Amino acid sequence: MTKELQIYNTLTRKKEVFEPINAPLVGMYVCGPTVYSDVHLGNCRTFISFDLIYRYLSHLGYNVRYVRNITDAGHLEGDRDEGDDKFAKKAKLEQLEPMEIVQKYTLGFHDVMRIFNTLSPSIEPTATGHISEQIEMIKEIISNGYAYEKEGTVYFDVEKYSKEYNYGQLTNRKLEDLLEGTRVLGGQDEKKGRLDFALWIKAKAETLMQWPSPWGWGFPGWHIECSAMSTKYLGETFDIHGGGMDLQATHHSNEIAQSQACNHTVPVKYWMHTNMLTVNGVRMSKSAGNGFLPGELFTGNHPLLERGYSPMVVRFFMAQSHYRSTLDFSNEALQASEKGFQKLMKAGETLNKLITNAESTVNIKELKEKCYTAMNDDFNSPILIAHLFDAVRIINLINDGSEKINQSDLDELKSIYNTFVFDVLGFKKEDSESTSNDLTGELIDMVLNLRLDAKKNKDFATSDKIRDALTEKGVKIKDTKDGFDWEL
RNA sequence: GGUCGCGUGGCCGAGUGGCUAGGCAGCGGUCUGCAAAACCGUCUACGGCGGUUCGAAUCCGCCCGUGACCUCCA
């Protein structure tokens, strides 16, 4: 029986019991989006996964400070430490100010996060808002001897760092292997070592976003922002650092190196990495162009999509796989999730109508323990959902009269359902389009009332004729015990 | 080429030594004038070949297939 929360730590490549550094406080940093274009679904998966983690930690009673940054500066195109950053490039393309790009896509990102019912982070710092912190950190790294300046650009000295620390720790790689795997690239003569990466990059005259620094005008390298901001808001050593697996090898390895070189401490206790969303088995990514936007998914307006799927169905689809597994997208899988999600929601309505008995024939205590055991095992939401479907079956059996439940068990069952379905998994009820107010709805009601009359008179020829006609128009009719229900 | 994964029933997806999740689809039933919907029940799989073991989807070896990272991406 797993009673304690276990988290898979990328650093040690095994599950470890979660012991916060300063319980009940928990510091969690998650690498957020680079806001130079719309978030695609793969990005969303990571943030939804960490939303689940944030929700569960909070549910367990931890006071979590959840920091998720917005990258709005730097982040070079390609791997050469020269030229414009992504924002400037896009800005020229769209004839906008870089900060207009940032604003546009930040707002869009927040909209999508809200639609997916994710909770806002405690702090959402921006790279441009922390330039001085980054400069201070770079200065410290230089004075500690782990970075050097070359003509206005500052590089981190990976080989020097590797003499004292294990640079390839996070990916379990040796420095020699890393060096071997690195390609020789042009235009990098300034760097001493092939693995060295830029902390600060000298601006060209035409660079749109640039700031003054001890090394002249320039802009920060991508990795330093996370080190600077996580240190500022969570301290030199904090509990959880998360992000997508694609960041593990480069971004996070560099982050560890920077923080170590600056603060002389291990920055993070538990590293958590979410796996990729795939399409036909291949990673969904911006560069591959095989991703779609959340909006396209909701409307179905994309060649890969047969039709639209609601945000909660998508969230459910994602929760049905574990965050460390790849999840393959398909219409068939999403349609299966849609059915399942509706079943789960419907059981919630049934739950509120259950009638109690003097005795209980169902084991609610066991159900509750199973739910916690599942989540305590590295946030295993698929297992949790499996147990919730056991709860659904129990609810329906009680409703059918096959099982009985007493008041205290019913209260407990409601508590379990609401806690896990809404608080932890973060689902919310989706209103089916209410058409009761508009003319179409009123007309359909009217016609169906006529059909009801025909049925009462056993005039089934007429009632079937009405049903067939409405079905043809796309109105799904569901007869109930004493009336009808319909949807478009 | 190096590093690390993965391969589970028609589909998606958990599970890491015995008790063999779950959802969807299919099938059977209940309900219904009929149908739909809903509900109940049912379907017993782990890439191949060897090995370890009383026992392996689960551990080990080899092979095949496949993916990610090593270069910007969550």
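Within every chain, numbering begins at 1; the chains are lettered A, B, ... in the order of the sequence lines, protein sequences first and strands thereafter. These numbers were taken from a predicted model, which means no experiment stands behind them.
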Taking the six-membered ring for Trp, are [X] and [Y] closer than 6.0 Å centroid to centroid?
X       : Y       : result
Y165(A) : Y161(A) : yes
F298(A) : F116(A) : yes
Y233(A) : Y66(A)  : no
F329(A) : F292(A) : yes

If you check every side-chain atom of [X], which of [options] has the closest atom?
X       : options                : answer
K346(A) : A68(B), A14(B), A38(B) : A38(B)
D328(A) : G13(B), A37(B), C69(B) : G13(B)
A386(A) : A36(B), A68(B), A21(B) : A21(B)
T46(A)  : A68(B), A14(B), A74(B) : A74(B)
Q320(A) : G33(B), A21(B), G22(B) : G22(B)
E332(A) : A14(B), A74(B), C11(B) : C11(B)
K343(A) : G13(B), C39(B), C70(B) : C39(B)

Select base, sugar-phosphate, or nothing to describe what [X] touches, counting heavy atoms under 4.0 Å on all strands.
X       : answer
G42(A)  : base
R283(A) : base
S49(A)  : nothing
V39(A)  : nothing
M284(A) : base
S285(A) : base
H387(A) : nothing
G242(A) : nothing

Quiz item: [X] side-chain donor-acceptor pair to [N] base, under 3.5 Å:
X       : N      : result
D479(A) : A35(B) : yes
R467(A) : A36(B) : no
R324(A) : C6(B)  : no
D464(A) : G33(B) : yes

Using atom [atom1] of each nucleotide, how far apart are [N] and [M] to the nearest Å?
N      : M      : atom1 : answer
C46(B) : C11(B) : P     : 13 Å
A56(B) : G50(B) : C1'   : 14 Å
C43(B) : G26(B) : C1'   : 8 Å
A14(B) : G1(B)  : P     : 30 Å
U58(B) : C19(B) : C1'   : 15 Å
G23(B) : U30(B) : C1'   : 22 Å
A45(B) : A57(B) : C1'   : 9 Å
C24(B) : G5(B)  : P     : 34 Å

Original post:
Which residues within residues 391-404 of chain A lie with some heavy atom under 4.0 Å of an atom in RNA chain B?
Top reply: R393(A), N396(A), L397(A), D400(A)
Rounded to the nearest 0.5 Å, what separates atom [atom1] in [X] from atom [atom2] in [Y]?
X       : Y       : atom1 : atom2 : value
L170(A) : L11(A)  : CG    : CG    : 6.0 Å
T462(A) : L450(A) : OG1   : CG    : 10.0 Å
K339(A) : S337(A) : NZ    : OG    : 12.0 Å

Original post:
Are the charged groups of R307(A) and E338(A) less than 4.0 angstrom apart, N to O?
Top reply: yes
Subject >> Salt-bridge criterion met for R467(A) and D464(A) (N-O under 4.0 Å) >> reply: yes
For a quick test of reading the model: is some side-chain N or O of [X] closer than 4.0 Å to OP1 or OP2 of [N]?
X       : N      : answer
K339(A) : C12(B) : no
T326(A) : C6(B)  : no
N380(A) : G15(B) : yes
S463(A) : G33(B) : no

Which nucleotide, in any strand shown, forms a Watson-Crick or G-U wobble pair with [N], with both distances under 3.5 Å?
N      : value
G33(B) : none
G22(B) : C12(B)
G7(B)  : C64(B)
G28(B) : C40(B)
G17(B) : none

[N] [atom2] sits how many Å from [X] [atom1], rounded?
X       : N      : atom1 : atom2 : result
N275(A) : G5(B)  : CG    : P     : 12 Å
D246(A) : C4(B)  : CG    : C1'   : 15 Å
I383(A) : U20(B) : CD1   : C1'   : 13 Å
H251(A) : C72(B) : NE2   : P     : 12 Å
Q335(A) : G13(B) : CD    : C1'   : 17 Å
H322(A) : A14(B) : NE2   : C1'   : 10 Å
Q342(A) : C39(B) : CD    : P     : 10 Å
L351(A) : C39(B) : CG    : P     : 14 Å

Subject >> Contact nearer the 5' end of RNA chain B, comparing L327(A) with I477(A) >> reply: L327(A)
**OP:** Between P382(A) and L277(A), just flag the one whose closest nucleotide in RNA chain B comes earlier from the 5' side.
**Re:** P382(A)
Original post:
Pick from N117(A), T118(A), V30(A), T46(A): which one makes a side chain to side chain contact (heavy atoms under 4.5 Å, CB included) with D51(A)?
Top reply: T118(A)
Original post:
So, is the end of the R324(A) side chain (NZ or CZ) under 6.0 Å from the ring centre of Y8(A) and within 45° of the ring's axis?
Top reply: yes
Subject >> Verify stack between F460(A) ring and G33(B) base, 5.5 Å, 30 degrees >> reply: yes
**OP:** Ignoring hydrogens and angles, tell me if any N or O in the side chain of N69(A) forms a donor-acceptor pair with the backbone of T126(A) under 3.5 Å.
**Re:** no
